[in-house]
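Here the structure is laid out as structure tokens; the discussion comes afterwards.
What you are looking at is a predicted structure, and each value in this text was computed from that prediction instead of being measured.
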Amino acid sequence: MALEDMRHPIESGCPDGFQYMHPTMRKNYGMWKFHEHPRPGVLRHVAHSGDEIWTVKAGTQRILDVYSLRKLTEIGDKFADGYVRFTIRSNIEYMVTDEAQVEPLIKALEEAGFVVGGTANSVAMISHTQGWLHCDIPGTDASGVVKSMMDELIDEFKECNMPNRVHITTSCCQINCGGQGDIAINVQHTKPPKINHDLVANICERPSVVARCPVAAIRPAMVNGKPSLEVDEKKCICCGACFPPCPPMQINDPENSKLSIWVGGNHSNARSKPTFQKLVASGVPNNPPRWPEATAIVKRILKEYKEGAKDWERINDWIDRIGWPRFFEVTGLPFTKYHIDNWRGARASLNASTHIRF
Amino acid sequence: MALEDMRHPIESGCPDGFQYMHPTMRKNYGMWKFHEHPRPGVLRHVAHSGDEIWTVKAGTQRILDVYSLRKLTEIGDKFADGYVRFTIRSNIEYMVTDEAQVEPLIKALEEAGFVVGGTANSVAMISHTQGWLHCDIPGTDASGVVKSMMDELIDEFKECNMPNRVHITTSCCQINCGGQGDIAINVQHTKPPKINHDLVANICERPSVVARCPVAAIRPAMVNGKPSLEVDEKKCICCGACFPPCPPMQINDPENSKLSIWVGGNHSNARSKPTFQKLVASGVPNNPPRWPEATAIVKRILKEYKEGAKDWERINDWIDRIGWPRFFEVTGLPFTKYHIDNWRGARASLNASTHIRF
Amino acid sequence: MAANKIYETPMLDELEKGPWPSFISGFKRLRDEHPDERINNVVSGLLGQLEHSYETRKGYWKGGTVSVFGYGGGIIPRFSEVGDAFPESKEFHTLRVQPPAGNYYTTDMLNQLADSWEKHGSGLVTFHGQTGNIMFIGTNTDGTQHFFDEINEYGWDLGGAGPCVRTAMCCVGSARCEQSCANEHGIQRWLVNNFTDDVHRPALPYKFKFKVSGCPNDCQNAIERSDFAVIGTWRDDMKVDQEEVKKFIEAKGRSYIIDNVITRCPTQALSLNDDDTLNVDNHNCVRCMHCLNVMTKALSPGDDKGVTILIGGKRTLKIGDLMGTVIVPFKKLETEEDYESLVELAEETIDFFAENALEHERTGEMIERIGLVNFLEGIGVEVDPNMVNNPRQCSYVRMDGWDEEAEKWFNRKAEEAAAS
Amino acid sequence: MAANKIYETPMLDELEKGPWPSFISGFKRLRDEHPDERINNVVSGLLGQLEHSYETRKGYWKGGTVSVFGYGGGIIPRFSEVGDAFPESKEFHTLRVQPPAGNYYTTDMLNQLADSWEKHGSGLVTFHGQTGNIMFIGTNTDGTQHFFDEINEYGWDLGGAGPCVRTAMCCVGSARCEQSCANEHGIQRWLVNNFTDDVHRPALPYKFKFKVSGCPNDCQNAIERSDFAVIGTWRDDMKVDQEEVKKFIEAKGRSYIIDNVITRCPTQALSLNDDDTLNVDNHNCVRCMHCLNVMTKALSPGDDKGVTILIGGKRTLKIGDLMGTVIVPFKKLETEEDYESLVELAEETIDFFAENALEHERTGEMIERIGLVNFLEGIGVEVDPNMVNNPRQCSYVRMDGWDEEAEKWFNRKAEEAAAS
Ligand code: SRM
Ligand code: SRM
Ligand code: SRM
Ligand code: SRM
Ligand code: SF4
Ligand code: SF4
Ligand code: SF4
Ligand code: SF4
Ligand code: SF4
Ligand code: SF4
Ligand code: SF4
Ligand code: SF4
């Protein structure tokens, strides 16, 4: 098609949400008084005007086929005035004004196979990324990992019997598009990239690949007559940062790309300031289709957290109180030299005191 | 004298303290039960055996002429069984077993011009260094600064009406032989060293001088035909580290060598882990013989601490609770760009939260 | 209808088991039941390639360059490295489409989007990706253009991909949350829609993300995950409904409120009076939200609302995760001028970023490299003690400008005093 | 007698005013009243030069090389840069003499030292310098040798100066303090006297300091100021005398104990029972000492005492102040073997330091450069979670040895279990 015939985009940007918002929410915008949590998966928000919004939250497979999507809209039409929203964890929320609508709505959702829950002090829907399904650099899958884990954690999603919200995230490469989390399951490569030297010259802009390496382990080199790249394997920390700009730097490896588990990432400012997650386990096999080893560790941590933490303590709050030595003791996870940070600012992570846990 | 006639040292090292220790302390070594603080400057330690040691602590000019020293020993002979010790802050301690000895001892010390106090929640004797009196690199004096300040703080030394112990330190150059402290008065140079190029070649081992610079601002250079050193004044942080190994790098300057004041250094593990001191004021004139400007700031900080802190809060504990914005508010000290750290690991000092003080 | 070729998927079949909704079952429905053979085949190929990934534990997509006419970004192009084995899905691009602020939809609109996507794409869609975009996953180059042309006509635009301003996110906030201290939706649209050109035509050193949360609970992870985080808060005293406090204590008991509220305050700003009323030291309250979260009826934010702005959050590359740093402790957002000055600050920030960041360097990394003060001076923001946890610990700094800097502070304080 | 020449000292005279003991008055006494003219003159010159420093705000001493026969260090040599103006004190060296562990003296011994110093030196002395040495300040090269020869005969030896093992310090501890969990004096002498050669003959990359505190109050600032800090602590439950607790509450009131003890515990390990007895969660107590400090009669350390060892504390040069890091969370010190193994650890550390540190690099800086783990492996110490505030935050690490390392941990735990 000739250029002039091409359609020019309307740069409308981010649409106004009000046009799709439930009228009661529009009416009471910014004038909400309080909320209650009548049961898992349901929130009752009351406005100063006296109006109420009952929210029913349901978990889905994040990646929806149009059938599932239409099923969700159909339920919305029947039971929820035709208004929905999605949460940051890809849960769907139906908002109704009349308590009477709640039970039928829940029934319809559950009959359709969706899972009502994920509110308050539950294990929230695990947020995930693309993985083998679509990304160009994944070390593992995303949807599959999450489906496997949610199958095991579904009761914790449906009931609210954790000390506080548990926000779990996953990422399918060390770039970590999934956020940090109370528990995070991430990829951890353990070997330097295998370089396909024949391709480097044509595919990779060598200087910018060199610049990508966090530890300056890459240098340009001639390999069998062709301009290529060389990695100092002593320096290489197997982060995979060189792979996206230069696919011949093959970092993904069926055997040596492992999973690692991190805990204590808390982004809310409630109580303590936001905290970064910390490494607790690594070398976990990347084991499709159901990744049982990773799930087992997650469940073990959740069990101890559930038993050991006080109400309202997030995982980081709990560990702050009992101390890391105790965390490793109760979870039975090994403490290794790899747990001792040696990255920038690592000094702040060392114990410069006699505060010892016995 | 010919070598063979020289006397060979007896390498006896650190002497055994027991030979000089009060017999009651020797007897009850490691078997003390508790202590009380009957009055400022006096401690009563009781052993499991029932024995008691009454300690009377007195402040002195740290650098003693033999007259003052003999005065102290004479008092020790008359009133304290001939046993004394010195504390880490160069106070002298007399230890007696009989309460009746305490008052006469105090009287004798005070008549001789020494100051009884410095215990518990007082302002302890300021620990200091050598300064112009003896060091080869000082930016200011030490004994004189401390004498001037103690003249002003003597009541806080003699009475115990601070929320907790106040440990003040001073140092006479940026090397900081004085430790950190609840309050520290340090030297802060503000201009790069003036280099005496004629002397560098003969006096300085240039490579090791270059190596001393924390910011790699020094490079070897030929200056009017002679091998010398050059400083990149953009990089130079005026730390003076190049001066000791190379005196021609004249860092000390009557005008531009200023004093800075730091607070919150706490080395005990009580409550929080040990903390580093933080910069609060700089650009304070180095103003002999009495340094009134520095003393005024110290007194202002002590005043607010005394009024604002809870019992047992050290200065760092107090500021932790009220927050730094409030500290600058109540002390009236200016907050400047220099307070924002940009040294290694500075990131940990930035506020990555919405915890704000209003 | 059905796909021409069905690939064996023994491993993926395992993911149809278990109580959680199965994406694989959804895929199979498209493969086996959808009326459009194109969709049957595309999804069949996708399943085949995915099974192959599961078996070999490797990914087989590579990037490329696909965009819609007039734009440089917004598409994540995917070409299969095993296209010969699974030709049906050898092109499988994703369109990133900006959601409405707050992620609201009518069911009708969702159905309409589904209709369009069935015409041109795989029938697979995600609400939403981690940056907040609707991800329409799986179409070829033509489909990309046609689908965009169609939905763009009824109000939808592409989001960001590549080194550009990215799609923004905000929490549900004012629409349904009593904690909200800000008009999240307005803030998001004021900000991101001021930069549509930078969204559609990647020309920055690297990506730049806005996220907006209505209160310090930060339900959008804005501090950790965005370059420019805007978070609602308040400046005056929090509101205490003492009657509700008493009710709370009647219901839960004194020790419950002591153990779960009083002792959890990070700054000991709370105390319980003998008459079961609550005492708040608002001067020391740091607006962490905890007590308001526990006592939703009794406690609420004050009236003097505004936002705190933090800059520089991001994930791992290339120096490790960074959280944003406070650069504006408090800013009112009431008048049009207030919003304009917010947008100006964003412009200053992005201009400075564009000029000073290295290639593929995020704002947080840039600040780490040049120091916060240089950044503040670059965007014309004054220092404030709320920007730091504590003042400097190291004496290694040249301070010969001390007197002028002190002067600045005293003048500012004098002005503030005069103003108030 | 009197000095031949008296210099005007208008500025120093100001320091004779005020209630605090004046060092200047002391100097003048030596200048004007001491029977020995040598002393009158030396101190007169000193006063003259010091006044000159006060007036010009500069120091006028330079270093040099002076030592006693057989030793390389222990002396701080000082030659005046303005010796022509103040010839009497143009040589003004300081001897650093090691004090007895704990800083105890009989008055007789002090007098004897004063006698010797009057014979050979200025009559100025400090108990003690910041590293703990007795500093005999001010003598010439001959005086240095003769004074040392004389006091060395009756039991005194030089301390460290230069790149060597330095004079050590310990608190009063067991001799008079109920908090003491260690034999501070024994530890100090076991350690430093094992290295007398390294004290007297500087041959290390840089200085190395030992400091010993009997409990976590750390009255010697060991964590901040020493390369090798040994600090007493205990492993079993602290001792609680409930009767004394009750007395304390009777005397001070409940709210006092709540506000000053219960709520100040860093780990909330304390709770007050309704019968006014105290409950200690020893499992979560981190031995910070606070509650014991406040309630000296009611609370005391347990019986299973030992020490925690931290390495790498120092002040500002060259990377900023560093505190020591825990490398041994707990070590019993009862038998001779225990002390020997402590000394061995010190030897391992100093050997590793000698071999691996750069010139003028302290242990803490070395550890910062090579990483704690490399240091631990170098001295053969196993990792322990008590060494860190928290595990690593950054994923940038190569972990292909994970399984072996995990194995090590499990084996150690198994052995410990078997042992206990
Ligand atoms: C799709 C998505 C994951 C998901 O399934 O939800 C995603 C997918 C990719 N991310 Fe991401 N990122 C996604 C949200 C994030 C987030 C979360 C967020 O935005 O809150 C982060 C962490 C926050 C941040 O910005 O740091 C994130 C940090 C990255 C990074 C590392 C950026 C950094 O500075 O550390 C990269 C690598 C890069 O940009 O070079 C990256 C790159 C990528 C690429 C483009 C990989 C590549 O370079 O080709 C992935 C394309 C996958 C695909 O085929 O679609 N993605 N990425 C998310 C975007 C969907 C959407 O637009 O809504
Ligand atoms: C004598 C001395 C040890 C020595 O061998 O010289 C000593 C002796 C005692 N200290 Fe200390 N401390 C001594 C220097 C220190 C230091 C080091 C310093 O001053 O530079 C510290 C750490 C400094 C810091 O943290 O910056 C120190 C931190 C403590 C603490 C912790 C205070 C806190 O809450 O943070 C206590 C506990 C207390 O106050 O009850 C303590 C308690 C004590 C007790 C009460 C212990 C006891 O039960 O006997 C002793 C009586 C002190 C008094 O005079 O009130 N001592 N104490 C030192 C006296 C110095 C002086 O003359 O002023
Ligand atoms: C005399 C004394 C100050 C005082 O009046 O008390 C002192 C005086 C000097 N110190 Fe110091 N330091 C003294 C205790 C300290 C301490 C405190 C301590 O040991 O607890 C420190 C901080 C702790 C530490 O070790 O870091 C200290 C950290 C330094 C440094 C910096 C070391 C570092 O790694 O940062 C230097 C510079 C150097 O060694 O190159 C230094 C260097 C010096 C020199 C030798 C300056 C020089 O290079 O010529 C000073 C000689 C002054 C003189 O003429 O006597 N002095 N010095 C203290 C030693 C007396 C004694 O032996 O008892
Ligand atoms: C719907 C949602 C915002 C949105 O626009 O999508 C949301 C909504 C609410 N959040 Fe949130 N939060 C939502 C994601 C988050 C996140 C981000 C995330 O999940 O990745 C965080 C920060 C995560 C972190 O810290 O790592 C978050 C931290 C909180 C907190 C702080 C919890 C804490 O104590 O640390 C509260 C306060 C509370 O729990 O009472 C909170 C409270 C709430 C309340 C109760 C606010 C209110 O009064 O309405 C809302 C009901 C939540 C519920 O379903 O129980 N919300 N909330 C998000 C639901 C996600 C989901 O479907 O599971
Ligand atoms: S985490 Fe990595 S693999 Fe997964 S979507 Fe993001 S970039 Fe792709
Ligand atoms: S994997 Fe990471 S560390 Fe290794 S070469 Fe590539 S970029 Fe550098
Ligand atoms: S602080 Fe500096 S000037 Fe003062 S004694 Fe130590 S080294 Fe010398
Ligand atoms: S003063 Fe410090 S920063 Fe400046 S040149 Fe000398 S050593 Fe370097
Ligand atoms: S961030 Fe605050 S305002 Fe927004 S949804 Fe969460 S709790 Fe409500
Ligand atoms: S909001 Fe947070 S800081 Fe403020 S009073 Fe409540 S708990 Fe304390
Ligand atoms: S450190 Fe502990 S044992 Fe030593 S004197 Fe101080 S309080 Fe007593
Ligand atoms: S010693 Fe410290 S940590 Fe232990 S109980 Fe007492 S106050 Fe708490």
Q: Look at the rings of Trp291(B) and Tyr54(D) and say which category their plane angle falls in: under 30° parallel, 30 to 60° tilted, over 60° perpendicular.
A: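 Perpendicular, since the angle between the ring planes exceeds 60°.
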
(Q) Can you tell me how the ring of Tyr20(B) sits relative to the ring of Tyr105(D), calling it parallel under 30°, perpendicular over 60° and tilted otherwise? (A)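 Judged by the thresholds at 30° and 60°, the geometry between Tyr20(B) and Tyr105(D) is parallel.
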
Chain D heavy atoms under 4.5 Å from [X]: which part of the residue, side chain, backbone, both or neither?
{"X": "Arg26(B)", "answer": "neither"}
{"X": "Asn28(B)", "answer": "backbone"}
{"X": "Cys177(B)", "answer": "backbone"}
{"X": "Met149(B)", "answer": "neither"}
{"X": "Cys172(B)", "answer": "neither"}
{"X": "Leu43(B)", "answer": "side chain"}
{"X": "His128(B)", "answer": "backbone"}

Taking only Lys NZ, Arg NE, NH1 and NH2, and the carboxylate oxygens of Asp or Glu, determine whether [X] and [Y] approach each other closer than 4.0 Å.
{"X": "Asp259(D)", "Y": "Lys310(B)", "result": "no"}
{"X": "Arg85(B)", "Y": "Glu93(B)", "result": "yes"}
{"X": "Lys33(B)", "Y": "Glu178(D)", "result": "no"}
{"X": "Lys28(D)", "Y": "Asp13(D)", "result": "yes"}
{"X": "Glu118(D)", "Y": "Arg70(B)", "result": "yes"}
{"X": "Arg264(D)", "Y": "Asp317(B)", "result": "no"}

With a 4.5 Å cut-off on heavy-atom pairs, point out which of [options] contacts chain B the most.
{"options": "Gln220(D), Gln179(D), Lys62(D)", "answer": "Gln220(D)"}
{"options": "Thr316(D), Leu46(D), Asp218(D)", "answer": "Thr316(D)"}
{"options": "Met289(D), Met109(D), Glu153(D), Met323(D)", "answer": "Met323(D)"}
{"options": "Leu158(D), Asn183(D), Thr167(D)", "answer": "Asn183(D)"}
{"options": "Ser213(D), Pro19(D), Gly159(D)", "answer": "Pro19(D)"}

Q. Side chains of Asn266(B) and Thr275(B): donor-acceptor distance under 3.5 Å anywhere?
A.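 No donor-acceptor contact under 3.5 Å links the two side chains.
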
Q. Among Thr55(B), Ile53(B), Thr129(B), Leu133(B), who wins on heavy-atom pairs under 4.5 Å with chain D?
A.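 Sorted descending by pairs with chain D, the first entry is Leu133(B).
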
Q: Among Tyr83(B), Trp343(B), Trp312(B), single out the residue with the greatest number of heavy-atom pairs under 4.5 Å to chain D.
A: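 Result: the option with the highest number of such pairs is Trp312(B).
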
